[in-house]
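Since the structure comes first, as structure tokens, the remarks are kept for the end.
What's counted below: heavy atoms across the whole structure, side chains too, no hydrogens, waters or symmetry copies. When a residue number appears, it is its place in the shown sequence, counting from 1. These numbers come from a predicted model, not from an experiment.
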Amino acid sequence: MSQSVCILGVTGSIGQSTLKILQQHAEHYTVFAVTAHSRMQELVDICQQFQPEIAVVPQAKVDELRQLLVAANLQNIEILADEAGLIAVAEHPEVDVVMAAIVGAAGLMPTLAAVKAGKRVLLANKEALVMSGEIMMQAAHDHQALLLPVDSEHNAIFQCLPQTYLQAERHGQPKLGVSGILLTASGGPFLKHSLDELHNVTPAQACKHPNWSMGQKISVDSATLMNKGLELIEACHLFSIEEHFVTVVVHPQSIIHSMVQYVDGSTLAQMGNPDMCTPIAHALAWPERIQTHVPALDLFKNHQLDFQAPDTHRFPALSLARQAMKTGGTAPAILNAANEIAVAAFLNQQVGFMGIPAIVEHTLNTIPHQAATQLDVILEADQNARHVAQQYVVNIGI
């Protein structure tokens, strides 16, 4: 029986990898809806190949998309707009699987809508859990949604945990024989840079990841190690585990994607070539496995595996994220919002590389933290943090 898939963020790197898997298994999956933010011609090319029922874009792009679809003889595709359109396709009754791959806070509401609709949600948007982890996980429980991690690290952890782990009682302590989680980090492109050198790196350098092909924002996050901080918060929510049970391990080869330690002294690791098609295929077909084009790991070629502790003096973003998780409430949402503003400012050459954690720290110290049991409180904290961060960008700008 074929499953119907909605891809939120289809023109991004995760969306593209998802399409590869769906194309390879076209007899089992159809594309029902796709969304994109700015790359309209790419969206039309995807529509030509996969023939979705619905496409969602910002309101400002609707006319452009309509003209392109008419020119491509695809006027039968329905066009929806903005957040309302994203939510509509995420919760659509004909959709079985939602790939949540919109970058940043913009992915929160459609991801939550998919969860509340009881979908199988493939979670590539870590910010949705960072901002509203407790609300998201409670909604998944209440609506019997299957929330499966696509981030390579969280997918690796999921693969190494007992199969019933996510269904076990959620109380923040390791369970079912687990003693802790080892979250691996490549270290990014500046692993060996001195603090002085980090002050002078450029956006182009930050976006050139040594192992992974990713978008600009996540590439910069990887360079600052904020990506690992966000993943630490995500892991705490996904696996209901307190932050001190999660250890970040720098592993430059990106062969081991993460590990789980057990009370008997065992450490289970998930290994593979660094290609997002593997975790996407795993989450798409779980508990079954389906074939991908990704070659099996050649242990004779990849014979050296290095590990080291992260340097939080050179990369303070990781400590900021850990502290935000420890603080709880709206602190992770404030952290995430400030980071989005800071990364955008860096990419626009308004601030230097080390200005990113400085902006985040300033914002965390400026905005009071509150309990995060209500979505409107989280969204208000997000907006306040963006305002404070943006003002600080103006003050410290290059």
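- In this structure, NZ in K228 is found 3.5 Å from CD in E231, a value given to the nearest 0.5 Å.
- Using a 3.5 Å distance cut-off with no hydrogens or angles, the side chains of Q304 and D306 do pair a donor with an acceptor.
- Taking a 6.0 Å sphere around CD of Q323, one finds it holds more than 12 heavy atoms contributed by other residues, nucleotides or ligands.
- Under the 4.0 Å criterion applied to side-chain N and carboxylate O atoms, E340 and R386 are assigned as salt-bridge partners.
- P52 approaches I77 most closely through the heavy-atom pair O-CG1, 3.4 Å.
- Put simply, the side chain of S4 gets close to the backbone of E94: a donor and an acceptor are under 3.5 Å apart.
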query: Could you go step by step and tell me if S258 and I181 meet the side chain to side chain contact (heavy atoms under 4.5 Å, CB included) rule?
result: CA-CA 8 Å; S258 275; I181 287 171; 5.7 Å; no
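- Summarising the geometry, atom CE belonging to M131 is positioned 10.5 Å from atom OG1 belonging to T330; distances are rounded to the nearest 0.5 Å.
- L305 and L182 end up in the same hydrophobic cluster when Ile, Leu, Val, Met, Phe, Trp and Tyr side chains are linked at under 4.5 Å.
- The local environment of NE2 in H199 is crowded, with over 12 non-hydrogen atoms from other residues, nucleotides or ligands closer than 6.0 Å.
- Scanning both residues, L225 and A317, for their nearest heavy atoms gives C-CB, 4.4 Å.
- Below 30°, between 30° and 60°, or above 60°: for F307 and H251 the angle between ring planes is below 30°, a parallel geometry.
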task: May I have the step-by-step check of side chain to side chain contact (heavy atoms under 4.5 Å, CB included) for T184 and M259, ending in yes or no?
output: CA-CA 8 Å; T184 60; M259 296 167 270; 3.9 Å; yes
task: Report the C-alpha separation of V343 and M226 in whole Å, then their side-chain angles, then the decisive distance to 0.1 Å, and conclude whether the side chain to side chain contact (heavy atoms under 4.5 Å, CB included) test is met.
output: CA-CA 10 Å; V343 170; M226 180 59 86; over 6 Å; no
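- The backbone N or O of P252 sits nowhere less than 3.5 Å from a side-chain atom of S186 that would complete a donor-acceptor pair.
- Tested against Q3 for a side chain to side chain contact (heavy atoms under 4.5 Å, CB included), the candidates L284, D96, V95, L22 yield a single pass: D96.
- Without hydrogens or angle criteria, E243 side chain to C236 main chain gives no donor-acceptor distance under 3.5 Å.
- Here the side chain of E64 pairs no donor or acceptor atom with the backbone of K61 at under 3.5 angstrom.
- Across all their heavy atoms, A114 and V98 have their closest contact at CB-CG2, 3.9 Å.
- For the residue pair D221 and N339, the shortest heavy atom distance occurs at OD1-ND2, 2.9 Å.
- Residues V178 and V263 come closest through the heavy atom pair O-CG1, 4.2 Å.
- Between the T278 side chain and the P274 main chain, no donor and acceptor come within less than 3.5 Å of each other.
- In this structure, NE2 in H282 is found 11.5 Å from CG in L122, a value given to the nearest 0.5 Å.
- Ion pairing between E153 and K126 fails under the 4.0 Å rule for side-chain N and carboxylate O.
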message: Please evaluate residues L299 and L297 with respect to the criterion side chain to side chain contact (heavy atoms under 4.5 Å, CB included), reporting the C-alpha separation (whole Å), side-chain torsions for both, the decisive distance (0.1 Å), and the verdict.
response: CA-CA 6 Å; L299 291 173; L297 187 64; 3.8 Å; yes
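- Ring pair F239/H154 is parallel by interplanar angle, where below 30° counts as parallel and above 60° as perpendicular.
- Hydrophobic clustering of Ile, Leu, Val, Met, Phe, Trp and Tyr side chains at less than 4.5 Å, counting indirect connections, keeps L129 apart from L8.
- Side chain of H171 to backbone of Q173: a donor-acceptor contact under 3.5 angstrom is found.
- Judged by distance alone, with hydrogens and angles left aside, the side-chain atoms of N273 form no donor-acceptor pair with the main-chain N or O of D275 at under 3.5 Å.
- There is a path of hydrophobic side-chain contacts, each under 4.5 Å, that joins V44 to V62.
- Taking CD from Q291 and CD1 from I21, the interatomic distance works out to 10.0 Å, rounded to the nearest 0.5 Å.
- Side-chain N or O atoms of R170 include none that pairs as donor or acceptor with a backbone N or O of Q138 at under 3.5 Å.
- In this model, a donor atom of one side chain and an acceptor atom of the other lie less than 3.5 Å apart for D264 and S266.
- H37 contributes atom NE2, which lies 9.0 Å from atom CD1 of I102 (distance to the nearest 0.5 angstrom).
- The structure places CD of E234 at 5.0 Å from CG of D151, a figure rounded to the nearest 0.5 Å.
- Using modelled atom types, one side-chain atom of N155 and one backbone atom of P149 make a donor-acceptor pair closer than 3.5 Å.
- Here the closest heavy-atom approach between residue A333 and residue I378 is recorded as CB-CG2, 3.9 Å.
- No hydrogens or angles considered: a donor-acceptor pair under 3.5 Å links the side chains of D45 and Q41.
- Formation of a donor-acceptor pair under 3.5 Å by the S179 side chain with backbone atoms of Q261 is found in this model.
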